[in-house]
Visitor: 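Mind having a look at this structure? Questions to follow.
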Amino acid sequence: MKQYLKAQLLGTLKSLGVPENIVPSFEKPRIAAHGDLTTNVAMVAAKQIRTNPRQLAQKILEGLKLDGTLIDKAEIAGPGFINFHFTDKYYQAQLEVIIRGGKQFGKADIGKRLKTQVEFVSANPTGPLTVGHGRGAVYGDTIARLLEWTGYDVTREYYFNNAGRQMRILGDSVRLRYLELLGEKIEFPEDYYQGEYIKDIAQYLKDQHGNGLQNEPAEGIFKRQAEQEIFDDIKNTLERIGVKHDVFFNENTLYETGQVKEVIEELRKKDLAYDQDGAVWFKATAFGGEKDKVIVKATGEPTYRLPDIAYHIDKFKRGFDFIIDVLGADHVATYPDVLAGLQALGYDSSKVKVPIHQFVTIIQEGEVVKMSTRKANFITLDELIDEAGSDVVRYFFLMRGIGSHLNFDLKLAKEQSEENPVYYLQYAHARIASIIRLAESKGVDVNKSYDLSLLNQTEEISLMKLLSQFPDMVESCAVTYEPHRLAEYLHDIAGSYHKFYHEHRVVGEDLNLTAARIALCLATKTVLANGFAILGINAPEKM
RNA sequence: GGGCCCGUAGCUCAAUUGGAUAGAGCAACAGCCUUCUAAGCUGUAGGUUACGCGUUCGAUUCGCGUCGGGCCUACCA
């Protein structure tokens, strides 16, 4: 439809002598009375050729010859908008498209099978995933689903590091708890991992080995056991909310293969790395950075920047042409250095997108809970799923833009889980399923031919209009990485359907009308189910 | 001190990326079940979009400033 109108407008504009650099763009008006599609081209053009926008719009309108079976009317409104009203017939035809499309309806191929990687979660195995991780996990997974839906070839990746200081402390935390279980008096340092899960791991080791591990070093079996259990736990939690990574990439491999060393050498060759105070520095200032950054400490240990750069180079070398790193707000400061490093070594850093989600604040009994894995006063993602269920958790994280700080009132979530907005959507789907079951039990053939022109009631038309927007919605959410708009849209669909249901009876005396309305129900069910699939929530047949 | 994000109804958040009359859900109040799922529907009330200037046909959206909150600001990740 847009293409059609655009072509018509371009022709008319040309005949009016409007410069060719002016290309009409369209929007869906917020208000129904303003039609189905609107263009501000008259206002844009009027500015350039310095004329009155409304007069120009009038001329354009007079020059347009529109297909009456598609466009009901076109009119000028406000400061110079041209509004197009589509015919009912057009929307009725869209319904057919939806039903024929079925599970495929809304899919697009704008991605052209581009090899794409979405890296998300990437928490080191030092403790259970928190609610904060949950937001990144659900968001990253949904971005991956959106990209798959729009034709990208997507790999989900998890990057982790099981070496380093934090893991050493983890191992030693377990060792101390183990010794404690054997009855030794221990000092448990404040900056060690305080969580109960450490004691559980220690208990397991005691059950398995008795007191045979008394003289084992922290970095041996203690660390290994902790890592394995925690990682199993993390994977299990992710699975519970429908998140599954294709690749788990261990930072260590970057050292083992010499890729980290290579980065330093390359940077030195290009004169972008130098030694000072016993450390190796990267000339971040050459790429707009405020000051140069250390990449290898005086101790000989690299900072996170160096392996991160090597890691991203590895991504490119594995053939990814489009890379998305989902990060939490605490990492804002880190990625510019990585991008600069990539740029320095001749990689196109514009292929790397870094959506950053703000923190989740947990409110419990009216008070803010400060999250810290170390101090263990966190709410785990697992606990949240126990309380609310996967669908609620996913929807809750997806219904809001990632740019805003999310307040999660635990008390509210528990008490009102029945009132949760996700049920509003799922209820619409279940309701449709129920009606279709009823129709079938009454012998109505739901696949029978139908006369869609019978669907001319206000509620039917507005529902059809919404349904037809699904493909556009999917595409724009994929392009902007904003799944919350899809959540919002599905909410509108559900609302529109509930209104229709309330005003009109589907299964009735008039068999032709019944068949047409069943078709509308099927189309609605299709769009809801497809939307749910992208958001990763269930489409229940019954509630 | 500097950088990034944010400030919209009592609360939690939207607003088609600069569009026309700023919308939902909770909470409050008043209605709707002898007919397909009331986890629903209808209505009432709730706003100087933190504040001030600017850019233009037009600003919640862009720019500058002020105030307030979060995150970062390591030779931690």
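Each chain gets a letter, A, B and so on, in the order the sequences are listed, and its residues count up from 1. Values below: all heavy atoms of this structure, side chains included; hydrogens, waters and symmetry mates excluded.
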Visitor: Rounded to whole Å, how long is the line connecting atom NE2 of A/H405 with atom C1' of B/G68?
Guide: 12 Å
Visitor: Under 4.0 Å between a side-chain N or O of A/R485 and OP1 or OP2 of B/U16?
Guide: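 Negative; the distance criterion is not met.
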Visitor: Does atom NZ of A/K261 have more than 12 heavy-atom neighbours from other groups under 6.0 Å away?
Guide: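 12 or below, so no.
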Visitor: Look at all strands and tell whether A/S476 reaches a base, only sugar-phosphate, or nothing, counting heavy atoms closer than 4.0 Å.
Guide: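 Result for A/S476 = nothing.
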Visitor: Taking salt bridge (charged side-chain N to carboxylate O under 4.0 Å, His left out) as the test, write out the residues that go with A/D172, two or more places apart.
Guide: A/R175
Visitor: Taking the same atom, P, in B/G46 and in B/C4, what whole-Å distance lies between them?
Guide: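 Their P atoms lie roughly 39 Å apart.
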Visitor: Once you apply a heavy-atom cut-off of 4.0 Å, does A/I356 come out as touching a base, just sugar-phosphate, or nothing?
Guide: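 Nothing, no nucleic acid heavy atom in range.
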Visitor: Tell me: CD of A/Q426 to P of B/G40, nearest whole Å?
Guide: 12 Å
Visitor: Need one value for A/A430: base, sugar-phosphate or nothing, where a base atom within 4.0 Å counts as base even if backbone is also close, heavy atoms only.
Guide: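 Touches a base.
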Visitor: Any strand is fair game: report the nucleotide pairing with B/G1 by Watson-Crick or G-U wobble, both distances under 3.5 Å, or none.
Guide: B/U73
Visitor: Both distances under 3.5 Å, Watson-Crick or G-U wobble: report the partner of B/U34, or none.
Guide: none
Visitor: Does A/Y424 put a side-chain nitrogen or oxygen below 4.0 Å from OP1 or OP2 of B/C41?
Guide: yes
Visitor: Quiz question: going by heavy-atom distance under 3.5 Å, is there a donor-acceptor pair between the base of B/G25 and the side chain of A/H491?
Guide: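 A donor-acceptor contact between them is absent.
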Visitor: Would you mind classifying the nucleic acid contact of A/P79 as base, sugar-phosphate or nothing, using non-hydrogen atoms under 4.0 angstrom?
Guide: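 Base: the residue A/P79, judged by heavy atoms under 4.0 Å, touches a nucleobase.
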Visitor: To the nearest Å, how far apart are A/I295 CD1 and B/A77 C1'?
Guide: 17 Å
Visitor: Select one nucleotide: of B/C71, B/C75, B/U21, the one nearest the side-chain heavy atoms of A/I31.
Guide: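 Of B/C71, B/C75, B/U21, B/U21 is nearest to the side chain of A/I31.
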Visitor: Tell me: NE2 of A/H357 to C1' of B/C72, nearest whole Å?
Guide: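 A/H357 atom NE2 is separated from B/C72 atom C1' by 15 Å.
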Visitor: Whole Å only: how far is the CG atom of A/D337 from the P atom of B/A77?
Guide: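 Spelled out: CG on A/D337 to P on B/A77 is 13 Å.
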Visitor: Under the 6.0 Å and 45° cation-pi test, does A/R268 pair with A/Y274?
Guide: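 No, A/R268 and A/Y274 do not form such a contact.
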Visitor: Once hydrogens and angles are ignored, does a donor-acceptor distance under 3.5 Å link the base of B/A20 to the side chain of A/N83?
Guide: yes
Visitor: Is A/K6 atom NZ crowded by more than 12 heavy atoms from other residues, nucleotides or ligands, each under 6.0 Å away?
Guide: no
Visitor: Who does B/G63 pair with, Watson-Crick or G-U, both distances under 3.5 Å?
Guide: B/C53
Visitor: OP1 or OP2 of B/U12 sitting under 4.0 Å from any side-chain N/O of A/N407?
Guide: yes
Visitor: Give one of base, sugar-phosphate or nothing for A/H498, where a contact means two heavy atoms less than 4.0 Å apart.
Guide: sugar-phosphate
Visitor: Rounding to an integer number of angstrom, what distance separates B/U16 and B/G23 when you compare their C1' atoms?
Guide: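 Result for the C1' pair: 13 Å, nearest Å.
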Visitor: Show your reasoning for whether side-chain contact (heavy atoms from CB on, under 4.5 Å) applies to A/N161 and A/F249.
Guide: CA-CA 9 Å; A/N161 181 13; A/F249 192 99; over 6 Å; no
Visitor: Quick check on B/A39: is either OP1 or OP2 less than 4.0 Å from any side-chain nitrogen or oxygen of A/Y427?
Guide: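 Yes, within the criterion.
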Visitor: When both hydrogen-bonding distances must be under 3.5 Å and the geometry is Watson-Crick or G-U wobble, what is B/G43 paired with, if anything?
Guide: B/C29
Visitor: Which is true for A/E440 with a 4.0 Å heavy-atom rule: it touches a base, it touches only sugar-phosphate, or it touches nothing?
Guide: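 Nothing: the residue A/E440, judged by heavy atoms under 4.0 Å, touches no strand.
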Visitor: Tell me the interatomic distance from A/M43, atom CE, to B/A20, atom P, rounded to whole angstroms.
Guide: 10 Å
Visitor: Counting the benzene-type ring for Trp, do A/Y501 and A/H504 have ring centres under 6.0 Å apart?
Guide: no
Visitor: Provide, to the nearest angstrom, the distance between the CZ atom belonging to A/R431 and the C1' atom belonging to B/U37.
Guide: 6 Å
Visitor: Does A/H504 or A/A77 map to a spot on RNA chain B nearer the 5' end, using the closest nucleotide for each?
Guide: A/A77
Visitor: Is there a donor and acceptor pair closer than 3.5 Å between the side chain of A/T38 and the base of B/A20?
Guide: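 Answer is yes: a donor-acceptor pair is held.
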Visitor: Can you tell which of B/A74, B/C75, B/G40 lies closest to the side chain of A/H502?
Guide: B/G40
Visitor: Could you tell me how far apart A/L463 (CG) and B/G40 (P) are, to the nearest whole angstrom?
Guide: 17 Å
Visitor: So what does A/D308 touch, heavy atoms closer than 4.0 Å: a base, only the sugar-phosphate, or nothing?
Guide: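 Result for A/D308 = nothing.
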Visitor: By nearest nucleotide on RNA chain B, pick out whichever of A/N40 and A/T334 is the more 5' one.
Guide: A/N40
Visitor: Would you mind classifying the nucleic acid contact of A/S434 as base, sugar-phosphate or nothing, using non-hydrogen atoms under 4.0 angstrom?
Guide: base
Visitor: For B/C33, does the O4'-C1'-N9-C4 (purine) or O4'-C1'-N1-C2 (pyrimidine) torsion place it in syn, i.e. within 90° of 0, or in anti?
Guide: syn
Visitor: Would you say B/U37 has OP1 or OP2 under 4.0 Å from some side-chain N or O of A/K542?
Guide: no
Visitor: How would you label the contact of A/P302 with the nucleic acid (heavy atoms, under 4.0 Å): base, sugar-phosphate, or nothing?
Guide: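 The answer is sugar-phosphate, as A/P302 gets under 4.0 Å only of primed atoms, P, OP1 or OP2.
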Visitor: Counting only side-chain N and O atoms of A/T361, is one of them less than 4.0 Å from OP1 or OP2 of B/G69?
Guide: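 Answer is no, no contact under 4.0 Å.
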Visitor: Considering every strand and a 4.0 Å limit on heavy-atom distances, what is the contact class for A/G328: base, sugar-phosphate, or nothing?
Guide: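 Contact class for A/G328: none.
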Visitor: Answer with yes or no whether the side chains of A/T514 and A/R505 bring together a donor and an acceptor at under 3.5 Å.
Guide: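 Per modelled atom types, A/R505 and A/T514 side chains form no pair under 3.5 Å.
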Visitor: With a 6.0 Å cut-off on ring centres, are A/Y424 and A/Y427 close enough?
Guide: no
Visitor: Suppose you measure atom C1' in B/G58 against the same atom in B/U21; what distance do you get, rounded to whole Å?
Guide: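 Taking atom C1' in both B/G58 and B/U21, they lie 14 Å apart.
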Visitor: Under 4.0 Å between a side-chain N/O of A/H484 and OP1 or OP2 of B/A15, yes or no?
Guide: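 Answer is yes, contact under 4.0 Å.
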Visitor: Using a heavy-atom cut-off of 4.0 Å across all strands, would you classify A/K28 as base, sugar-phosphate, or nothing?
Guide: base
